[in-house]
Amino acid sequence: MLSVLRVHLPSDIPIVGCELTPYVLLRRPDKTVTTDDVPESAPLDGHFLRYKWCRIQSDKKVAVCSVHPSEQATLQCLGCVKAKIPVAKSYHCSPKCFSDAWQHHRVLHDRAASAVNENGNEEEEIFGRYNSSGSGVINASLTGSASSTSLTNGSTPLYPAAVTQRSGGETWFEVGRSKTYTPTADDIGHVLKFECVIVDAETKQPVGHPNTILTSRVIPAPSPSPRRLIPVSGADMLGNLQSDGRVSSSGSFTVLSYNILSDSYASSELYSYCPSWALSWPYRRQNLLREIVGYRADIVCLQEVQNDHFEEFFAPELDKHGYQALYKRKTNEVYSGNIHTIDGCATFFRRDRFSHVKKYEVEFNKAAQSLTEVAVQTTQKKAALNRLVKDNVALIVVLEAKFSNQGADNPGKRQLLCVANTHVNVPQELKDVKIWQVHTLLKGLEKIAASADIPMLVCGDFNSVPGSAPHSLLAMGKVDPMHADLLVDPLAILRPHSKLTHQLPLVSAYSSFLRGVGLGLEQQRRRMDPTTNEPLFTNCTRDFIGTLDYILYTADSLTVESLLELLDEDSLRKDTALPSPEWSSDHIALLAEFRCVPRPRR
């Protein structure tokens, strides 16, 4: 007979919006063990599994700490209440917690105060909004908010609540009847109970005792301070909000570049400082999606997107928000794991703003094979391929804009745009390979530029810090022959050094923070390195903090209108690194608003 051997949950803490999928280990009648579901529609040996989720609601109201969501709150910031900041952000578990978090917490108050302009109108941020001002007063006594008893949960159909009274002032509300359950705001502060029982397919009656498991209290999904779009072109205010909430002006468009940290790399060994529940993929994917959708970019370039996550999650989810998806998986000559979990580059664009014209796929492994055939001695070919073949790729997409900002002298002219998305994931000691891959990509883009009058964007994680040879090649168009990075070249693939050039007028978008004029730029300039014209960091872990990610553009055909504000130490919780409960990657997203400009007449 079918029997349940074990039931447990993979995550310690249930989070609002993060699907819970219990692990149910079964023994079949033939004594084999499985984790496959046995639904009523396909019974096994006359039996199937029935599931139920309940919320255990106590008479005692509970609120959770906004900094340590696994802890019960004892303090509430009255300044947040007065400012109408989301109530979940006002709770703290101790006076020390509030004191330690004040440097970060006060940003919420400052934002709330600045969100009301001189006319009393609220200014929208790139995602999230606050609408009043307040001070940092705390209240030592705390009462939680009441929970609603409405039954709504994702794909689970609505049905009347089954209520069972328990002793000790606790009530069980039935909230789900499927194997999975996604906690809602009504569940915050409450314990959930999962019940699994074997049922006779003929009589529909339970067989034996149900297997149950209790969760810890449900916590709200942590939300970071919103990041604003800062004008750099001399405008006096933030970009106009369109009816759907996007920040852009007529004829401009926004581009997002973001390494989202593949689940296959997000190990607890590498990121031991991040709570296990915040490192789990079910949580991170929802948090990443919320962030990406919140930016409302017209073009989205993501790196480290696993093949299965692209097909099963990002492509269908972003399709709901009006995006068309293109993907290039890394090659797998070096990679030895599951082919479905290998990562790659994904580019999305809004169907109402652009149409797809052409796609180019760059496989650096193929370029390495071609190079070794013509430039490496036969005796060195195997060693050369071992050094050069790293499975990296680039995805190049040509789009046509469905909007126009062409002048009267070019009525009806097609506005094309070329967008390159890459991840140069090469060990730091292989400096020659990294430079060669960047040079190979740029030479490919030069060929496209020679065949069409087309603005270009180059986005990605180049794993190269500002001032390195790859960065110099990208942003300066050449590499100093005396650059220290060029000393590592055992295959002589970088010689002569004079060939390490390109003719694309590429400029790093974020350098506009140092050149631009506009409100709010002084704060952003403090987050920039004036010696390299790049952000102080785009990657922040316990072992490394620095800039690895860039958005570059052809300055003769595009101009930067605004940039997504950079993070600084105040934007990250005290003593933390990335990823964190608030930010689900070890990289930060970069976003720039561009406008096409007529090329100079030649």
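- Using a 30° and 60° split on the angle between ring planes, Phe594 and Tyr553 fall in the tilted class, from 30° to 60°.
- Tyr51 and Phe194 have parallel rings, their planes meeting at less than 30° on a 0 to 90° scale where 60° marks the start of perpendicular.
- No donor-acceptor distance shorter than 3.5 angstrom exists from the side chain of Asn463 to the backbone of His423, with no hydrogens or angles considered.
- Not counting sequence neighbours, the partners of Ser90 by the side chain to side chain donor-acceptor pair (under 3.5 Å) test are Gln76.
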| Residues Glu534, Ser508; criterion side chain to side chain donor-acceptor pair (under 3.5 Å); working and verdict | CA-CA 8 Å; Glu534 296 290 0; Ser508 178; 2.9 Å; yes
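- The aromatic rings of Trp281 and His309 lie parallel to each other, their planes meeting at an angle below 30°, with 60° marking the opposite boundary.
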| task | Check the pair Leu20 / Leu192 against side chain to side chain contact (heavy atoms under 4.5 Å, CB included), numbers first and verdict last. | result | CA-CA 11 Å; Leu20 294 170; Leu192 298 175; 3.9 Å; yes
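- Tyr273 and Tyr271 have perpendicular rings, their planes meeting at more than 60° on a 0 to 90° scale where under 30° would count as parallel.
- At least one donor-acceptor pair under 3.5 Å links the side chain of Thr538 to the backbone N or O of Leu548.
- Using cut-offs of 30° and 60° on the angle between ring planes, the pair Tyr283 and Trp277 is perpendicular.
- A distance-only check finds no donor-acceptor pair linking the side chain of Ser512 to the backbone of Arg515 [under 3.5 Å].
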| task | Could you please spell out the steps behind the ring-ring contact (aromatic ring centres under 6.0 Å, His included) verdict for Phe462 and His471? | result | CA-CA 8 Å; Phe462 291 86; His471 176 261; 9.3 Å; no
